[in-house]
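A short write-up of the structure that comes next.
Protein chains get the first letters and strands the later ones, always in sequence-line order, with residue 1 at the start of each. Please read all numbers here as calculations on a predicted model, not as lab measurements.
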2 protein chains.
Amino acid sequence: MPKARDTDTAARILDVAERLVQSRGFNAFSYADVAAELNVTKATLHYHFPGKAELGEALIARYAQRFSQALRAIDAGAGDAPARLAAYARIYGDVLRDRRMCLCGMLAADYETLPEPMQAAVIQFFDENLAWLAGVVEEGEREGTLRPNGSPEAAAQALLGGLEGALLVARPYGDLNRFDAAAAGLLTGLAARA
Amino acid sequence: MPKARDTDTAARILDVAERLVQSRGFNAFSYADVAAELNVTKATLHYHFPGKAELGEALIARYAQRFSQALRAIDAGAGDAPARLAAYARIYGDVLRDRRMCLCGMLAADYETLPEPMQAAVIQFFDENLAWLAGVVEEGEREGTLRPNGSPEAAAQALLGGLEGALLVARPYGDLNRFDAAAAGLLTGLAARA
DNA sequence: GTCTATAGGCAGATAGAC
DNA sequence: GTCTATCTGCCTATAGAC
């Protein structure tokens, strides 16, 4: 059993790689970048993750798991449907705060160049988010707090795409307000009006 | 004066490079890719565009110019504000049809890795689109055909981001319907309701 | 304008010592 | 687990012939 600090070399690799992918994209970071930042050699990275493809898969798996937890936390909370959507949007706003994209939003841009297992994992991430969003929209429709103009699935697609795109466009400006304005527009467009 | 066919080597380079950037991203295409597809050598590309940075700038310049023309064409048309926004959304749907992203949407993902002149050009592209969109929204507000919940600028930000994101998320699925559903959701969320 | 040839660097990856 | 050393290949870019 290795020492606690060193056991988590894999986790620290994932931390650094995650940040680099979210800010630069999957094709614009290298094993050398990660190794230099952690003061280890590239060979160490290959020991923990045989190749870039496996590292990428591990990144998505961990990210998706964390996202799932966040969704369950929202579900466990008290708010109504609009409040849940606002909490969901806040997750996205938080990643923008340190100039990152959503991991899977970035990988969606790189999609055509990704190994197939990573492509499948990105799709699965979106599927899970869309299913959760559609559920919340449907609930809001029943409550009378939301009035989607199309199906809950269409509304979910508009929300997920809208938030990913709001990140994408706001990030070059380095302007959190732009994201907030866009997110607010998405949510109020869906809300039932007086 | 060279022959017409060959004069446009520069234009043909831009055509191929544009498609590659829109589908794979700026860091995932090479001079070799473009040269092979055109049956010329890499040196030929360097003659027309000294480096990747200059090629990138030329790509954005041409793309932005074409986009500007499309906006003026919409302005010259007959429709009211909602019809103009729908026409605007259709431009985005068309790029998805051959599995591309918007050029500047893709470059927004690559933003952190771009040379500064390209970054500035991407921002300028967004600025122009946002200004046009805000103008149309404002017009719709006066007409009574649109009822934005915030400022026209906020609505413009939500529209631009929403459409870019709808492309981003729909493209991995290869599903044009997903884009259309999201786009429709964005537009009806903004429309004045009965 | 387009070619051949090549420079110099960095990428992802592996073998084998410790 | 982490290292040193190295391989192979592709990248951007340049020089100079035609």
Side-chain angles (χ1 to χ4, degrees), chain A residues 1-21 23-60 106-107 110 112-119, chain B residues 1-21 23-60 106-107 110 112-119:
Chain A
M1 191 86 95
K3 284 179 258 176
R5 219 347 113 137
D6 283 49
T7 305
D8 292 88
T9 301
R12 289 159 67 213
I13 292 169
L14 288 175
D15 288 340
V16 174
E18 184 179 73
R19 196 188 67 249
L20 289 174
V21 172
S23 57
R24 305 174 50 87
F26 191 71
N27 297 307
F29 92 101
S30 69
Y31 267 38
D33 294 331
V34 179
E37 203 162 326
L38 292 175
N39 284 113
V40 295
T41 61
K42 290 184 288 175
T44 297
L45 270 74
H46 282 286
Y47 170 79
H48 290 280
F49 304 96
K52 222 181 167 186
E54 289 79 12
L55 174 55
E57 290 177 55
L59 281 177
I60 307 175
M106 183 61 89
L107 294 177
D110 296 329
E112 298 264 305
T113 72
L114 299 180
E116 197 278 327
M118 285 185 69
Q119 292 185 331
Chain B
M1 191 88 96
K3 285 179 259 175
R5 218 349 110 142
D6 283 51
T7 305
D8 293 88
T9 301
R12 289 158 67 212
I13 291 170
L14 288 174
D15 288 340
V16 173
E18 183 179 74
R19 196 189 65 249
L20 290 175
V21 173
S23 57
R24 304 173 50 87
F26 191 71
N27 297 305
F29 93 100
S30 69
Y31 267 38
D33 294 330
V34 179
E37 201 163 326
L38 292 175
N39 285 114
V40 295
T41 61
K42 291 181 286 174
T44 297
L45 269 75
H46 282 286
Y47 170 78
H48 291 281
F49 304 96
K52 223 181 166 186
E54 289 79 12
L55 174 55
E57 291 176 55
L59 281 177
I60 306 176
M106 182 62 88
L107 294 177
D110 297 328
E112 297 266 306
T113 72
L114 299 180
E116 196 277 328
M118 286 185 68
Q119 292 185 333

message: Under the rule for salt bridge (charged side-chain N to carboxylate O under 4.0 Å, His left out), what residues qualify as partners of B/Glu57, not counting sequence neighbours?
response: none
message: At under 4.0 Å between heavy atoms, how does the protein contact nucleotides 13-18 of chain D? Give one character per nucleotide, 5' to 3', with B, S or -.
response: BB----
message: Check the phosphate of C/dC10 against A/Ser30, side-chain N and O only, distance under 4.0 Å to OP1 or OP2. Yes or no?
response: no
- prompt: Looking at side-chain heavy atoms only, is the closest gap between B/Leu55 and B/Tyr31 below 4.5 Å?
  reply: yes
Contact check, side chains of A/Thr9 and A/Arg12, non-hydrogen atoms, under 4.5 Å: yes
Interatomic distance, B/Phe29 CZ vs C/dA11 P [rounded to whole Å]: 18 Å
task: Provide, to the nearest angstrom, the distance between the CZ atom belonging to A/Phe49 and the C1' atom belonging to D/dG1.
output: 14 Å
- prompt: What closest approach, in Å, do A/His48 and A/Ile13 show between heavy atoms, and which atom pair accounts for it?
  reply: CD2-CD1, 3.9 Å
- request: Could you check how far NE2 of B/His48 sits from P of C/dC3, rounded to whole Å?
  value: 9 Å
task: Using a cut-off of strictly less than 4.0 Å, decide whether B/Thr41 has a side-chain nitrogen or oxygen near OP1 or OP2 of C/dT2.
output: no
- line: To the nearest angstrom, the CZ-P distance between A/Phe26 and C/dG12 comes to 9 Å
message: Closest approach to the side chain of B/Tyr47, judged atom by atom: which nucleotide of C/dT2, D/dT2, D/dC11 is it?
response: C/dT2
statement: B/Phe49 and B/Ala58 have their tightest heavy-atom pair at CE2-CB, 3.7 Å
message: Any heavy-atom pair between the side chains of A/Met106 and A/Phe26 that's under 4.5 Å?
response: no
task: Report the distance from atom CG of B/Asp8 to atom P of C/dG1, rounded to the nearest whole Å.
output: 11 Å
query: Should B/Thr9 be listed as having a side-chain N or O under 4.0 Å from OP1 or OP2 of C/dG1?
result: no
- prompt: Are any of the side-chain heavy atoms of A/Lys52 and A/Phe29 separated by less than 4.5 Å?
  reply: yes
- request: Would you kindly give the CG-to-P distance between B/Asn39 and C/dT4, to the nearest whole Å?
  value: 12 Å
Atom-to-atom span, CG of A/Asp33 to C1' of C/dA13 - whole angstrom: 16 Å
